[in-house]
Number of protein chains: 2
Amino acid sequence: MIKDLFKCDQHGRMPGDQRRAQILQSAFDLFSQKGFSGTTTKDIARLSGVSEAMVFKHFSSKDELYGAILEAKKCSEGLHKYPWESNEPMLAAMEAKDDLGVFYHFGRQALEKHQADIAFMRLLFYSALEEHELAERFFGEFVHEIYRFLGGYIAKRQADGAFRKIDPRIIVRSFLGMLLHHSLNNILWDTKRRILDIDNETAARSFAEMILRGAAATPSTTDNN
Amino acid sequence: MIKDLFKCDQHGRMPGDQRRAQILQSAFDLFSQKGFSGTTTKDIARLSGVSEAMVFKHFSSKDELYGAILEAKKCSEGLHKYPWESNEPMLAAMEAKDDLGVFYHFGRQALEKHQADIAFMRLLFYSALEEHELAERFFGEFVHEIYRFLGGYIAKRQADGAFRKIDPRIIVRSFLGMLLHHSLNNILWDTKRRILDIDNETAARSFAEMILRGAAATPSTTDNN
DNA sequence: ATCAGGTGAGTAAGCACTTACTTAATGCAG
DNA sequence: CTGCATTAAGTAAGTGCTTACTCACCTGAT
């Protein structure tokens, strides 16, 4: 019998916090696959390789378990890292007022992140539909900050006369729409890429060009290579 | 006690097919609010004002009830009607090669439809996450047809030299992304319109302008009023 | 009298969650 | 190193309740 396979089905004893983390991971996987009410505590226990009682030794209720996922995810990679943090190319492009570079590197990082964390995206969608607090907090903090940041840059470039004078938030919404809708297609609706199969680099470049021409004041042809 | 309130809680007898339709409507409302596994057959019965047994007299199982919703919705308004059917202004704009008009009227109709049928949109999302067949069929037929139609128009206008020579599907994806993402914000994430509060007319016009400038070959300023 | 519309009171399985208990690692005094 | 108390990791077998679904039985209009 194989032990220590990946993470599940470890029959032996395990330090408390390690098992706790494992249960958390199992719950995350299942909630993101089947939603909150579609997942049973028995499923979570089975995937963790322990009895149901252990789940309730670590988390007092199914609800608390859900809440703990959010905390764990928030403190780990992803959530607290905005698409411009540790995105040197984008920050450099902002410095240089290279608008195409800004949008391209922002979009590229976003698409890459979506693709790398499909389970989290699904969880986010479930929580939005099920009206758990995760969604509200995420969109109230994270998304709001994105609008502030990107919108701020656009406003500055409008002052420079580089962009048309329309509500920057509409430009942000358009651009995020392209990115998120594209990821949604790949994750949810057209996982086989039957309608459109392009890599993240092509997508980010196309969307960046589109939004830039769409929002630019001077009808520049943005002839970068 | 109030009887005959809206549609629910009708205590008296009712013709079979009428009651059936009512149960269907209750199930639709509840599934779209709480998802398939989040809704109980008891809830459905209560909302319909009948006993649970009646639900199973009309539908042999909860699954079949879900399936019947799809059939009913498909045959009724909405699903089989593409955003260009009974959209004379858009068809006229196509005839006149008024690109801005085409995108504007398409977008406007789409946004209006999303807003009018929030419950259906939610159901569609739930079914995409839960991987019921509804989502697959919808996106396989409806969405595919939209790409064909809009993409076809764009290809024709590219031949005219009006649009840049990029994959028309990327333009369609960008445009649908703006529209759907905007609706998603309004329906799911920012129902209070705290980030951006614009009416459908403004949104459709902004998105249409954006996509047109983004995709146009000649950097025209599209000075329509 | 018929029969479609409608029900109360089930059933077996499944649910979140608990209790009473066993097992294995870790000290630490002699 | 032994022997034993302590404690954390773990479970089998429940608890009461809910679930999807059934069945024997009404009821009232034609």
Side-chain angles (χ1 to χ4, degrees), chain A residues 1 3-5 7-31 33-69 126-127 130 132, chain B residues 1 3-5 7-31 33-69 126-127 130 132:
Chain A
M1 187 185 292
K3 273 170 101 179
D4 266 30
L5 194 52
K7 63 176 204 297
C8 61
D9 204 41
Q10 308 200 338
H11 297 318
R13 291 188 77 154
M14 201 182 279
D17 46 357
Q18 198 173 326
R19 182 114 281 169
R20 191 189 142 96
Q22 191 198 30
I23 293 169
L24 217 48
Q25 182 63 44
S26 301
F28 172 76
D29 291 346
L30 290 168
F31 285 154
Q33 273 171 47
K34 313 196 284 178
F36 184 76
S37 54
T39 300
T40 69
T41 51
K42 199 170 209 156
D43 286 340
I44 295 166
R46 194 183 309 124
L47 186 60
S48 306
V50 291
S51 69
E52 233 180 316
M54 274 308 289
V55 173
F56 287 99
K57 189 156 266 177
H58 284 290
F59 305 95
S60 68
S61 74
K62 195 182 168 189
D63 268 298
E64 199 205 276
L65 181 49
Y66 192 94
I69 288 175
Y126 262 123
S127 75
E130 289 169 342
H132 265 274
Chain B
M1 190 186 289
K3 274 169 101 178
D4 266 30
L5 193 53
K7 62 170 204 300
C8 62
D9 205 41
Q10 307 200 338
H11 297 317
R13 292 186 77 151
M14 201 183 278
D17 47 356
Q18 196 172 327
R19 180 113 286 169
R20 192 190 142 95
Q22 191 198 30
I23 292 169
L24 219 47
Q25 181 63 44
S26 302
F28 172 77
D29 291 346
L30 289 168
F31 284 154
Q33 274 171 45
K34 312 196 283 178
F36 184 76
S37 52
T39 301
T40 70
T41 52
K42 196 171 211 157
D43 285 341
I44 295 167
R46 195 184 307 125
L47 185 60
S48 305
V50 291
S51 70
E52 234 180 315
M54 273 308 290
V55 173
F56 288 98
K57 190 154 265 177
H58 284 289
F59 306 94
S60 68
S61 73
K62 195 183 168 188
D63 268 297
E64 198 204 276
L65 182 49
Y66 192 93
I69 287 176
Y126 262 122
S127 75
E130 289 168 344
H132 267 273

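Below, each value reflects all heavy atoms present in this structure, side chains not excepted, and no hydrogens, waters or symmetry copies. To find a chain, count down the sequence lines: A is the first, B the second, and so on, and within it residues start at 1. Note that the coordinates shown come from a computational prediction; the quantities given were computed from them, not determined experimentally.
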B/R20/B/D17 salt bridge by N-O under 4.0 Å criterion:
no
Separation of C/dC15 atom P from A/F56 atom CZ, nearest Å, is 12 Å
*Do the side chains of B/K34 and B/D43 get nearer than 4.5 Å, heavy atoms only?*
yes
Out of C/dG6, C/dA16, D/dG10, minimum distance to the side chain of A/M54 belongs to D/dG10
Is the shortest heavy-atom distance from the side chain of B/F31 to the side chain of B/S127 under 4.5 Å? no
Here the gap from A/F59 atom CZ to A/T41 atom OG1, rounded to the nearest 0.5 Å, amounts to 13.0 Å
To the nearest angstrom, the CD1-P distance between B/I23 and D/dC21 comes to 14 Å
Review point. Does the side chain of A/H132 reach to within under 4.5 Å of the side chain of A/D63, using non-hydrogen atoms?
Key: yes
A/D17 atom CG is separated from D/dG10 atom P, nearest whole Å, by 11 Å
Between NE2 of B/H58 and P of C/dT7 the distance, given in whole Å, is 10 Å
**Asked** Any side-chain N or O of B/S51 under 4.0 Å from OP1/OP2 of C/dG6?
**Response** no
Hits for ring-ring contact (aromatic ring centres under 6.0 Å, His included) against B/Y126, two or more places apart or cross-chain, chain-then-number order -> none
Against the side chain of B/R19, the closest entry in C/dG6, D/dA20, C/dA16 is C/dG6
Here the distance between atom P of D/dG10 and atom CZ of A/F59, to the nearest Å, is 13 Å
query = Do the side chain of B/E130 and the main chain of B/G35 share a donor and acceptor less than 3.5 angstrom apart?
reply = no
Taken to the nearest whole Å, CZ/B/R20 to C1'/C/dG6 is 17 Å
From CD of A/E52 across to P of C/dC17 the rounded distance in Å is 10 Å
In whole angstroms, the gap separating C1' of D/dT11 from CZ of A/R46 amounts to 16 Å
5'-most contact on DNA chain C (nearest-nucleotide basis), A/A53 vs A/T40, goes to A/T40
N/O-N/O pairs, protein side and nucleotides 21-27 of chain C side, under 3.5 Å:
| residue | atom | partner | partner atom | Å |
| --- | --- | --- | --- | --- |
| C/dA24 | O4' | A/R13 | NH1 | 3.3 |
| C/dA24 | N3 | A/R13 | NH1 | 2.9 |

Next on the checklist: Taking any heavy-atom pair under 4.0 Å as a contact, classify A/S37: base, sugar-phosphate, or nothing.
Outcome noted: nothing
